[in-house]
Amino acid sequence: MSTTDLDTSIHNALPLNLQPTHYDLQIFDIDETNDTFKGLVTIDLDVIQQTDRLVLNVRDIVIDSVQLKFNLTKTVTEVGCTIEPTDVVNETVVLKFQEPVKSGSLKAVINYSGVIQSNMTGFYKSTYKDLASDEIKTMLSTQFEATDARRAFPCLDEPNRKATFQLSIVTRTNYTVLSNMPVLYCRTLDDGKKFATDSRELKVVQFEKTVVMSTYLLAWAIGEFEYLEAFTDRSYNGSKVPIRVYTAIGNKEQGRFALETSTKVVDFFSKIFDIDYPLPKLDLLCVPNFTCNAMENFGLLTFRATALLFDIEKSDPKYKTRVAYVVSHEIAHQWFGNLVTMNWWNELWLNEGFATWVGWLAVDELYPEWNVFSTFVSESYESAKSLDSLRNSHPIEVAINSAKDIDQVFDAISYLKGASVIRMLSQSVGIDVFLKGVSIYLKKHKFGNAKTVDLWSGISEASGIDISKLMDNWIKKQGYPYLKVESAGDNLTITQKRFLAAGDITPEDDKTIWWVPLNISVGSGTSVAENYALTEKSAVIPRPDSPFFKLNKDSVGVYRVFYSADLLKEISKNLDHFSAEDKVGLLADVNAAAIAGFLPTSKLLEFLLHFKSETDYVVWSEIIKSVEHLNSVWSETSDQRLSKSLTKFCRELFASQSERLGFEPKGNESYFDGQLRPLILLAAGTSGLEPVVTRCLELVENSTAIPPSLKQVVYSTVLSQKNATQEQFDLILQDLYNPSSPDTVETILISLGSVQNDLVIPQAVKLLEDCLTGHGRIALMNVNFLAGSLATNPKTRVLVWNFVKAHYNAIFETMQTSVILFDRFIKTLKEHADISIHNEILEFFSNKNVDGFNRSLQQALDQIKTNYAWIQRDKSNITEYLNVE
Ligand SMILES: [Zn+2]
């Protein structure tokens with residue numbers, strides 16, 4: 001532990017005079033009808049420095065009684081204390097001692113009453129429909145990260161206040177109870193006590209004592225479960241680790257893929273970190289109501305259904321990659337995050353950036369045929385760069401001043417930019433050397449906390465390179481550079497400058513000089529100047545001996561490259577020489593250059609046309625991302641002819657691949673064609689390509705006959721028709737309310753955002769409105785699938801904004817309990833491109849409390865201004881190029 005160097009002045013840290021070592025926690029009198037429970041917690045604390053108070057975090061908790069016992073060299077004395085009123089803002093309560101304690105240890109025995117939450121935080125209730133009886137059933141589980149352990153028991157709820165925990169829970173005998181550790185014993189209560197709301201017998205379940213860990217990683221779950229079990233291949237301390245996937249009754253078979261992945265991933269990480277999996281078991285539990293994808297509680301991972309369950313017959317195959325990745329990410333945390341934890345939330349990226357990168361590394365090891373790092377480049381690396389090109393982004397390592405700030409850093413910068421800079425560094429020093437450094441770091445800090453600089457020192461030790469020198473600006477400074485490449489004679493002049501999406505850089509914005517590994521490629525895997533890195537503002541290097549070349553081979557470095565017109569022309573002619581990762585990077589850079597005004601938008605459209613015969617699905621997903629953004633922004637010009645011309649451009653772009661793939665899989669087609677089909681057909685169908693539309697209209701008549709991978713294609717295409725009917729809309733809703741697979745709901749909510757006709761638009765928007773005000777049939781946890789989709793649709797986004805303005809108080813009331821969900825909802829405002837809406841949003845929130853989502857709001861406003869400026873700048877250019885008359 002290194003708590004003594006924690007500067008408590010920079011955030012709301014609790015005083016350091018008392019250090020917790022162990023919690024004994026009993027949860028009982030669980031009343032599912034009135035949503036209450038009782039707890040008894042005994043906290044053992046070491047006295048580090050004289051103090052007259054114990055400050056604990058609490059939220060929604062009433063302390064009923066406290067007993068304090070002070071222990072000094074075998075004499076135990078009781079210390080009187082008063083409970084001061086709870087500080088609701090800082091979520092603390094002070095137990096003030098009658099006399100100060102100076103050294104030794106202290107035991108605080110606290111009886112308290114708590115609330116079973118219904119907002120997916122703390123100790124909370126989920127409901128679901130039982131498959132056999134159709135009855136609505138309840139599951140109780142916990143979600144403590146970041147600061148909600150304090151809603152379940154009074155504690156020192158900070159990541160560097162690590163301790164051991166021993167938990168016992170009293171509940172009905174028919175429930176299964178899970179926690180971080182295996183059950184120590186379980187016995188029926190023989191004193192005649194019954195369950196609060198019915199006459200069932202009660203049992204007490206006591207778990208083994210945990211290892212030393214942070215409060216946010218404690219977890220428990222209570223409900224009617226079934227499970228599948230398998231074991232690791234490797235033995236740990238003489239025995240194989242049992243791994244179980246728990247689900248509600250009737251669903252366990254859908255956990256088989258996650259189970260198979262988990263056993264291999266535990267062995268893989270134990271090997272690459274050179275540290276055995278630290279616990280005697282690992283459980284993965286599907287929780288019906290869940291805000292995020294998953295949570296890495298030590299030894300008890302919790303998931304939303306779509307991140308854990310996969311139905312071989314009925315699930316959309318693309319969810320298989322997601323399950324493999326999320327499971328790997330959460331298992332990676334058992335070492336990186338749980339065994340060694342970031343010292344404070346400002347270094348959250350250490351947990352998340354690393355788990356993201358190494359999660360993909362595990363999937364790549366297990367399923368090399370998926371080529372997941374090309375997906376990573378498109379979905380993670382490019383998303384991070386998009387967000388980080390806004391003025392209101394933030395450095396990877398960010399100041400955290402209050403609990404409300406913490407939730408906001410669970411964003412694309414911490415996860416995706418964090419993972420991208422890790423990937424850049426690991427490729428530069430070599431993955432084996434990098435992992436050796438990680439192992440040094442983990443071994444040195446296990447069961448403790450660490451900072452970014454500690455990771456760098458492990459990698460420096462393994463590589464012999466001063467890593468802090470390379471990485472400090474990447475972690476501590478906001479943004480990233482673009483490189484301007486100019487060729488003159490035998491030389492290239494390369495200059496770095498900070499990239500902003502709006503292209504309006506000022507000298508004030510451009511003060512950082514980054515370490516930029518160049519990795520120049522001349523195609524087909526050969527690269528020159530492999531080890532050359534730009535460490536100055538600009539440099540002159542020898543030009544590769546090739547008519548075409550590309551910097552940033554495989555899109556590993558976190559930067560953009562803008563080539564002169566003739567260099568880009570040579571690259572365009574030689575695309576076949578580059579990897580999928582390279583093509584994704586090129587597409588994203590050309591797209592960003594057009595938006596920022598470095599290149600006329602017509603050049604972007606010309607560049608896209610070079611990819612008509614491309615067959616890689618990740619490259620196509622980047623093309624489609626670019627085209628969708630174009631459509632989303634440019635439809636706001638209200639110029640119908642321009643919109644029509646753009647849609648026509650899209651149809652022509654997608655036509656040949658759409659024809660090649662068709663709706664039916666070919667007998668011996670590649671894995672990539674199987675992935676590409678839904679992507680191309682969706683883009684072609686929603687832009688009105690005739691044969692695709694006709695087939696979708698036939699398929700929608702019988703939803704059970706639609707292959708799972710094509711559900712979104714069919715529903716989105718049908719709904720995007722100007723003459724979609726009420727019957728078609730109702731058929732789709734029927735499937736939404738009686739989902740046939742774990743991912744059906746997400747897929748349909750995304751499809752509903754495609755609506756184009758005045759008959760069904762109000763109905764789709766109404767579904768969102770009802771959900772936002774807590775009255776709909778769509779679970780709040782899924783609200784942003786629909787909100788995000790309606791926001792990218794120019795016909796509906798204004799309706800949603802109008803509703804937000806008119807009913808903000810009701811929406812805030814519903815969503816404030818889950819700040820993360822509300823923050824993501826606010827992000828959807830970024831799709832607007834009208835400056836008057838920008839001003840309305842600014843004005844509207846000027847007198848509102850924006851704690852917990854202010855950064856997303858500022859980012860959305862930045863993005864709207866960028867969209868607007870793009871239209872102003874290039875309207876005549878694009879109109880001319882598309883021959884709009
Ligand atoms: Zn994570």
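One-based numbering along the sequence shown. Order of appearance sets the numbers: ligands from 1, and atoms from 1 within every ligand. Computation of the quantities below employed the complete heavy-atom set of this structure, encompassing side-chain atoms and omitting hydrogens, waters and symmetry-equivalent molecules.
Ionic pairing of R234 and D276 is present here: one or more N-O contacts between side-chain nitrogen and carboxylate oxygen are shorter than 4.0 angstrom. Between R244 and D283 no salt bridge is recorded (no basic side-chain N to carboxylate O distance below 4.0 Å). In this structure, R151 pairs ionically with D148, as a charged nitrogen and a carboxylate oxygen lie closer than 4.0 Å. Salt bridge status for D432 with K436: absent, with no side-chain N to carboxylate O gap under 4.0 Å. Between E91 and R59, at least one side-chain nitrogen of the basic residue sits less than 4.0 Å from a carboxylate oxygen of the acidic one, meeting the salt-bridge criterion. The residues E746 and R322 are annotated as salt-bridged, a charged nitrogen and a carboxylate oxygen being separated by less than 4.0 angstrom.
Distances under 2.8 Å from the Zn ion (ligand 1) pick out the protein N/O/S atoms H329 NE2, H333 NE2, E352 OE1.
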